[in-house]
Amino acid sequence: MLEVEVAGLRLRNPTVLASGVLGVSASLAKRVEEAGAGAFTTKTVTREPRRGYMNPTFVVLEHGYLNAVGLANPGIEHFCQELREMRESLSIPVILSVGGGSAEELVEVARRGVECGAQAVELNVSCPHVRGMGVELGHRADEVAGAVGEIRRLGVPVLVKLSVHHDYLRLAEACLDAGASGFTAINTVRGMAIDIYARKPVLSNVYGGYSGPAIRPIAVRVVYELYEAFPGVPIIGVGGVDGWEAALELILAGASAVGVGSAIAEKDLAIFEEIVRGLKEYMEREGFSSIKELVGLAHRS
Amino acid sequence: MLEVEVAGLRLRNPTVLASGVLGVSASLAKRVEEAGAGAFTTKTVTREPRRGYMNPTFVVLEHGYLNAVGLANPGIEHFCQELREMRESLSIPVILSVGGGSAEELVEVARRGVECGAQAVELNVSCPHVRGMGVELGHRADEVAGAVGEIRRLGVPVLVKLSVHHDYLRLAEACLDAGASGFTAINTVRGMAIDIYARKPVLSNVYGGYSGPAIRPIAVRVVYELYEAFPGVPIIGVGGVDGWEAALELILAGASAVGVGSAIAEKDLAIFEEIVRGLKEYMEREGFSSIKELVGLAHRS
Amino acid sequence: MHARARVAAARLAAEQVLELLLEVELPDPSPGQFVMLWVPRVGEVPMSVADYEGGVLRLFITRRGVVTGYIHENARPGLALFVRGPYGRGFTMPRGGRVLLVGGGTGTAPLYFLAKRAGLSSAGCTAAVGFKSSRHVILVDELRKYCDVRVATDDGSLGHHGPVHELAAALLSGERYDRVYACGPEQMIVEVLRLLEGREEALEASLERYMRCAVGVCGSCVLDPLGLRVCRDGPVFSGAVLRRLHDLGRWWREPDGRKRPLAPQATG
Amino acid sequence: MHARARVAAARLAAEQVLELLLEVELPDPSPGQFVMLWVPRVGEVPMSVADYEGGVLRLFITRRGVVTGYIHENARPGLALFVRGPYGRGFTMPRGGRVLLVGGGTGTAPLYFLAKRAGLSSAGCTAAVGFKSSRHVILVDELRKYCDVRVATDDGSLGHHGPVHELAAALLSGERYDRVYACGPEQMIVEVLRLLEGREEALEASLERYMRCAVGVCGSCVLDPLGLRVCRDGPVFSGAVLRRLHDLGRWWREPDGRKRPLAPQATG
Ligand SMILES: Cc1cc2nc3c(=O)[nH]c(=O)nc-3n(C[C@H](O)[C@H](O)[C@H](O)COP(=O)(O)OP(=O)(O)OC[C@H]3O[C@@H](n4cnc5c(N)ncnc54)[C@H](O)[C@@H]3O)c2cc1C
Ligand SMILES: Cc1cc2nc3c(=O)[nH]c(=O)nc-3n(C[C@H](O)[C@H](O)[C@H](O)COP(=O)(O)OP(=O)(O)OC[C@H]3O[C@@H](n4cnc5c(N)ncnc54)[C@H](O)[C@@H]3O)c2cc1C
Ligand SMILES: Cc1cc2nc3c(=O)[nH]c(=O)nc-3n(C[C@H](O)[C@H](O)[C@H](O)COP(=O)(O)O)c2cc1C
Ligand SMILES: Cc1cc2nc3c(=O)[nH]c(=O)nc-3n(C[C@H](O)[C@H](O)[C@H](O)COP(=O)(O)O)c2cc1C
Ligand code: FES
Ligand code: FES
């Protein structure tokens with residue numbers, strides 16, 4: 001009853017590990033699968049290796065989390081091996097999150113990633129804390145659309161990860177025209193925290209990406225708007241999913257699947273089973289036989 | 001030790017009642033003054049009366065609040081009398097929040113408001129839930145700047161209320177060039193909530209403005225950026241101030257004063273005294289003699 | 001967020017007055033408090049708590065406009081409504097002494113809840129309750145468990161023929177009470193306040209105003225000149241406060257914030 | 001957010017090892033857990049808890065690079081540092097029986113905390129601790145309160161001349177223990193694991209990896225092939241798990257996620 005299809009990928013349930021969260025190794029991917037996730041998104045991978053920023057790169061706040069990891073990753077060449085291992089050991093779909101400073105770079109990373117086994121590509125054009133590789137890219141809708149078009153030709157689904165910091169409806173439209181298979185929404189929201197005793201920003205990078213339960217109302221709205229503007233286009237809803245109720249809220253808004261990110265800090269990998277069980281029980285109680293009936297249901301009157 | 005000057009207004013302490021919150025009557029203004037606030041901002045007033053949206057217009061969430069009141073207000077002509085009474089009965093500054101669909105309308109409302117006693121004008125060009133009178137206006141930087149220029153000639157300070165949904169640095173610059181005295185940041189963030197049992201959006205308007213502690217990291221960042229980009233320009237920091245620590249975080253980011261909005265739902269008017277007392281005690285403990293020393297302190301190394 | 005409240009029973013308790021029993025988990029309300037009742041896609045309105053026991057919330061809803069009309073037409077067992085609250089400051093619980101309750105229409109409901117929760121008995125409690133006619137009567141039989149009840153109707157079809165404050169006047173002329181509690185049309189409250197002028201009885205009365213947030217933030221429900229919010233500082237106010245409220249019985253604040261003269265029928 | 005931790009005392013406990021006492025309110029840590037120590041504008045690093053009593057956190061910090069270097073040079077009473085945590089899974093507390101502790105360098109600190117919290121005595125506890133030289137020794141006198149302590153130094157300037165695992169080997173050859181706890185350089189842990197092959201002693205050892213979030217989210221500290229996160233699934237792992245960790249003693253994951261051969265000095 002929980003199976004969904006998202007942009008051609010078959011998921012045993014609508015939970016997806018969000019990008020950047022544990023997505024660094026095949027060994028963690030396996031644990032995430034065993035914990036019950038329906039799909040796995042890798043950490044965003046770029047052409048060259050990136051060390052990321054100095055610590056502190058992660059802050060636990062009262063209502064959410066801030067991070068400015070800085071797209072740390074081993075680079076696609078090195079990550080290729082992890083992708084191969086993922087494909088060997090996993091039965092859930094592996095979505096490769098791709099980052100870069102230009103369309104050319106995105107395409108290059110995606111191409112190599114697909115060669116190494118990625119079953120879908122998610123374009124991260126919305127990281128809020130890396131200059132040149134983040135949100136700015138999303139502002140250049142034509143360039144992103146160009147990359148979408150080329151990657152589409154590799155024969156795998158292409159999801160575009162959106163941010164509230166974009167004119168996301170316009171970007172979404174341009175990407176759809178170029179053949180995008182769907183959207184992931186939302187990435188973290190630009191934010192920062194200052195320690196009142198240190199009297200300094202906590203993140204070494206000063207600014208970071210805000211995630212966790214606090215951003216859910218923002219994510220719900222973006223998903224709702226996307227569903228309204230592009231009915232039928234699959235959306236992975238991400239942002240503040242910290243239990244089955246939150247997952248359901250995004251599904252009702254229009255998400256076919258939901259990403260789980262920083263909630264793992266609080267609930268660890270058990271959150272996947274918790275969501276799956278919660279959704280099942282809800283559906284039984286409320287008389288739904290397929291999760292698909294719930295997708296976008298809040299739009300119908 | 002807590003006195004501040006913000007855009008020419010003298011405040012006994014850096015707390016300000018945020019717009020839209022209790023700012024509808026002289027009687028409430030008096031209570032807010034008695035509760036200890038340093039300044040009072042009125043509800044946004046437009047040329048014509050507005051009933052606002054149907055209930056539900058306000059939702060209490062886990063980490064914040066959503067509202068889509070819809071700029072309900074009695075119109076400037078009727079509000080004039082309240083302004084007169086405010087000036088008669090208050091000794092703290094009264095900031096008139098002005099809304100409208102065009103520069104012309106903003107100017108008209110501001111002019112009448114100043115005639116009736118407003119000591120400063122705050123331009124609300126950032127309401128996230130009223131079509132034509134909200135965020136869109138803030139996208140038209142030139143038009144807003146035009147209004148700023150004209151209102152400036154009325155001889156009162158003009159603050160521009162910014163939103164994360166704008167290119168706020170650009171808008172801020174245009175407004176400064178036109179003579180703006182400072183900024184209020186931030187307005188609510190577009191968001192929505194869906195009830196998982198009703199399976200419907202809760203707000204009658206579907207979308208609304210997200211406020212409360214959840215949005216503080218976003219506000220801190222906007223204030224920090226503004227202070228960095230325009231050193232010396234006064235900022236009223238608003239967003240998620242729910243106690244003295246939160247107020248201090250915004251001050252350290254660069255706010256000369258802080259607005260208090262939806263936290264009143266939790267702590268009622270006692271929050272003003274709580275902030276004032278907390279700041280005082282902090283300053284004594286940490287060895288500061290004037291709150292001004294703390295403004296923007298997180299920027300210095 | 002709201003709590004789901006399933007209709008367990010809905011019956012017409014009197015003409016235009018629907019009695020609703022809702023299964024819903026709420027923080028325990030105290031008498032005089034209210035909830036916000038949300039009907040998805042229709043609207044959200046404040047309603048006084050008439051009882052809350054064993055997870056069942058009881059409301060008495062007079063048919064007025066869009067939302068109450070919808071509820072009257074559609075409420076049947078199983079329907080899901082949504083509730084948030086309870087909100088506001090309720091009545092001070094009577095601690096012994098003699099109590100007089102003065103209720104009008106559905107204003108009787110919170111007084112009934114008060115009598116029940118305070119465990120009053122007719123030895124210590126007299127209730128004067130008024131309705132338009134015998135067809136509009138609610139809760140009188142149940143209230144008799146706790147109070148000596150006198151009824152008035154506007155058309156004389158039951159009990160005293162005339163407004164309920166006349167009943168109250170008669171009772172007050174013969175007796176001293178420790179506390180008087182009033183809930184009903186605002187004109188009734190004005191009359192009760194007048195009756196108590198120069199007397200020692202402590203009055204508490206519940207008011208209604210247009211509400212949005214219900215938590216004291218938006219200012220929609222403010223009363224001049226004290227700046228009191230019905231949703232948070234009230235809905236129950238003391239006689240001393242009521243005397244200083246110039247708005248009382250005179251002005252109703254519209255959703256746009258402008259005031260219009262209070263219509264006599266502004267309260268159920 | 002972090003809790004402010006004021007330096008109450010800072011002294012060089014041994015060559016290159018600073019002992020810090022920090023006044024800070026934290027959830028009570030258990031032995032084997034660590035904190036993230038933030039030095040504003042400098043960096044943030046994981047540190048094992050050496051003790052926490054009466055609101056005073058004790059750390060032993062080996063001078064390594066940017067952050068530890070800064071602390072060594074600037075820590076004096078009154079300096080404000082910042083701490084979050086405690087994080088991770090610590091040691092299983094010994095319940096009676098005979099315990100062997102094997103510590104290397106500042107790895108002795110969490111073992112001392114364990115001995116103290118578990119209330120061990122030299123009847124039930126033997127500790128083999130190794131240092132570079134007699135000038136690098138920490139906590140040995142204090143540890144004697146709880147354990148029969150044997151010392152080894154690389155240069156023979158104190159106790160056994162040679163690596164600490166040789167001491168452990170000697171102890172193990174003469175005696176059966178119920179539990180062995182190890183903390184120190186990863187090569188030392190590898191040796192202890194080897195010593196225990198085919199024996200019945202339950203081992204628990206604490207590992208280190210590059211960390212960012214410390215709460216199990218970012219994946220920086222993952223160990224292959226089990227996908228275990230040092231910050232959350234560890235830093236303490238059982239012998240059974242350690243045997244299945246191919247990374248153990250071999251691979252260190254860099255901040256960019258690539259692995260490099262584990263340098264012998266990777267641990268203090
Ligand atoms: C604290 C409080 C307790 C109340 N308790 C009860 C009760 O127990 N039983 C009962 O029948 N009624 C009660 N009311 C009144 C009830 O809220 C209104 O009758 C109801 O809101 C009308 O809604 P409608 O959509 O059916 O009518 P509409 O056609 O929208 O309006 C009819 C009238 O109700 C007023 N009204 C509408 N919405 C609101 C609102 N959000 N807040 C206040 N007034 C509103 C209008 O101003 C108008 O006077 C109470 C009101 C308040 C403020
Ligand atoms: C769970 C745990 C407990 C620890 N307990 C102690 C202790 O009690 N006492 C002690 O002296 N040291 C301890 N360490 C090691 C300590 O964290 C490093 O020595 C310290 O981070 C070096 O920082 P630096 O800036 O001075 O050095 P750098 O010059 O930045 O680096 C020197 C070395 O430390 C490593 N390192 C740097 N930052 C980190 C990090 N965030 N996480 C892990 N390794 C890092 C580098 O990879 C390198 O190998 C512990 C490490 C972990 C993971
Ligand atoms: C530590 C951390 C690292 C992240 N790294 C990435 C990344 O590399 N690429 C990406 O697209 N999103 C990244 N994100 C964003 C998440 O995928 C997700 O969009 C966001 O955190 C909101 O979801 P959440 O509230 O469930 O965490 C990261 C988030 C966190 C917390
Ligand atoms: C109920 C409500 C009504 C508001 N109305 C207005 C308004 O009319 N004009 C305006 O500029 N901001 C309005 N705001 C935004 C607040 O002034 C403030 O910018 C925002 O709520 C963030 O602050 P907070 O987190 O302290 O509430 C309103 C906020 C709330 C909660
Ligand atoms: S309804 Fe908002 S203040 Fe009373
Ligand atoms: S440090 Fe982030 S998972 Fe361990």
Side-chain angles (χ1 to χ4, degrees), chain A residues 20-34 43 45 48-62 65-75 78-79 82 85 89 193-204 211 261-269, chain D residues 1-6 24 36-46 65-67 70 79-85 87-89 209-233 244-247 251 253-260:
Chain A
V21 171
L22 300 184
V24 300
S25 77
S27 60
L28 271 168
K30 191 67 196 165
R31 279 192 75 193
V32 169
E33 171 171 305
E34 281 163 9
K43 170 105 197 113
V45 178
E48 308 301 330
R50 292 177 52 91
R51 285 184 68 87
Y53 300 127
M54 296 248 305
N55 282 332
T57 47
F58 190 87
V59 195
V60 181
L61 298 176
E62 231 179 304
Y65 307 86
L66 276 174
N67 89 81
V69 168
L71 291 183
N73 80 89
H78 186 277
F79 198 72
E82 298 286 348
E85 278 178 51
S89 59
I194 295 170
D195 186 283
I196 59 166
Y197 291 105
R199 296 183 276 273
K200 298 276 175 284
V202 183
L203 291 171
S204 75
S211 63
S262 32
I264 288 171
E266 213 194 303
K267 299 198 168 163
D268 211 350
L269 294 172
Chain D
M1 296 289 287
H2 297 80
R4 174 159 61 172
R6 275 193 193 281
V24 57
M36 293 299 281
L37 180 63
W38 174 41
V39 188
R41 301 258 154 141
V42 179
E44 189 192 43
V45 291
V66 185
V67 180
Y70 181 94
L79 179 75
L81 297 174
F82 296 83
V83 162
R84 61 185 174 102
Y87 293 124
R89 291 204 211 167
R209 278 300 178 276
Y210 187 79
M211 284 185 184
R212 286 191 173 94
C213 72
V215 292
V217 165
C218 71
S220 306
C221 64
V222 65
L223 295 167
D224 288 336
L226 301 185
L228 294 172
R229 296 153 300 175
V230 172
C231 71
R232 182 141 188 170
D233 302 306
R244 296 167 59 210
L245 286 175
H246 186 256
D247 280 358
W251 298 103
R253 199 177 280 269
E254 289 286 281
D256 64 15
R258 287 183 296 184
K259 291 202 234 170
R260 65 159 171 77

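Chain identifiers are assigned alphabetically (A, B, ...) following the order of the sequence lines, protein sequences preceding nucleic acid strands; residue numbering begins at 1 within each chain.
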Nearest heavy-atom pair of D/V222 and A/S27: which atoms, and what distance?
-> CG2-OG, 3.8 Å
Options D/M36, D/R84, D/M211, D/R229, ranked by heavy-atom pairs under 4.5 Å with chain A, top entry = D/R229
Quick one: CZ on D/R258 to CD on A/E82, what's the gap to the nearest 0.5 Å?
-> 12.5 Å
Give the member of A/P49, A/A72, A/P56 that has the highest number of heavy-atom pairs under 4.5 Å with chain D.
-> A/P56
Please state whether the side chain, the backbone, both or neither of A/V59 comes within less than 4.5 Å of a heavy atom of chain D.
-> side chain
Using atom types as modelled and distance alone, determine if a side-chain donor or acceptor of A/D268 lies under 3.5 Å from a backbone N or O of D/G216.
-> no
Check each atom of D/D247 against the heavy atoms of chain A and say whether the ones under 4.5 Å are side chain, backbone, both or neither.
-> neither
Most heavy-atom pairs under 4.5 angstrom with chain D, which of A/S204, A/G23, A/S25, A/G20?
-> A/S25
Region of A/E85 that comes under 4.5 Å of a non-hydrogen atom in chain D | neither
Shortest non-hydrogen pair, D/G257 vs A/H78, comes out as O-CE1, 4.4 Å
Could you have a look at A/G75, A/P201, A/A193 and say which one has the most heavy-atom pairs with chain D under 4.5 angstrom?
-> A/P201
For the residue pair D/C218 and A/N67, establish whether any side-chain heavy-atom pair is separated by less than 4.5 Å.
-> no
Using non-hydrogen atoms only, which part of A/L203 is less than 4.5 Å away from chain D: side chain, backbone, both, or neither?
-> neither
Is chain A contacted by the side chain of D/L223, its backbone, both, or neither, given a heavy-atom distance below 4.5 Å?
-> backbone
What part of D/R4 is in contact with chain A, defined as an atom under 4.5 angstrom from a non-hydrogen atom: side chain, backbone, both or neither?
-> side chain
Greatest number of non-hydrogen atom pairs under 4.5 angstrom with chain D, of A/I264, A/D195, A/V21, A/L269, falls to A/D195
Taken to the nearest 0.5 Å, the spacing of A/E48 CD from D/D256 CG works out to 11.5 Å
Passes side-chain contact (heavy atoms from CB on, under 4.5 Å), A/V60 versus D/M1? Steps please.
-> CA-CA 5 Å; A/V60 181; D/M1 296 289 287; over 6 Å; no
Say whether, by atom type as modelled, one donor and one acceptor occur between the side chain of D/R212 and the main chain of A/Y53 under 3.5 angstrom.
-> no
Check for a donor-acceptor pair, side chain of A/R31 on one end and backbone N or O of D/G227 on the other, with a separation under 3.5 Å.
-> yes
Under a 4.5 Å heavy-atom cutoff, which of A/M54, A/R199, A/E62, A/R50 has the most pairs with chain D?
-> A/R50
Cut-off 4.5 Å, heavy atoms of chain A, and the answer for D/P40 is side chain
Crowding at CD, D/E254 (>12 non-hydrogen neighbours, <6.0 Å) = yes
Identify which part of D/V45 has an atom lying under 4.5 Å from any heavy atom of chain A, answering side chain, backbone, both or neither.
-> neither
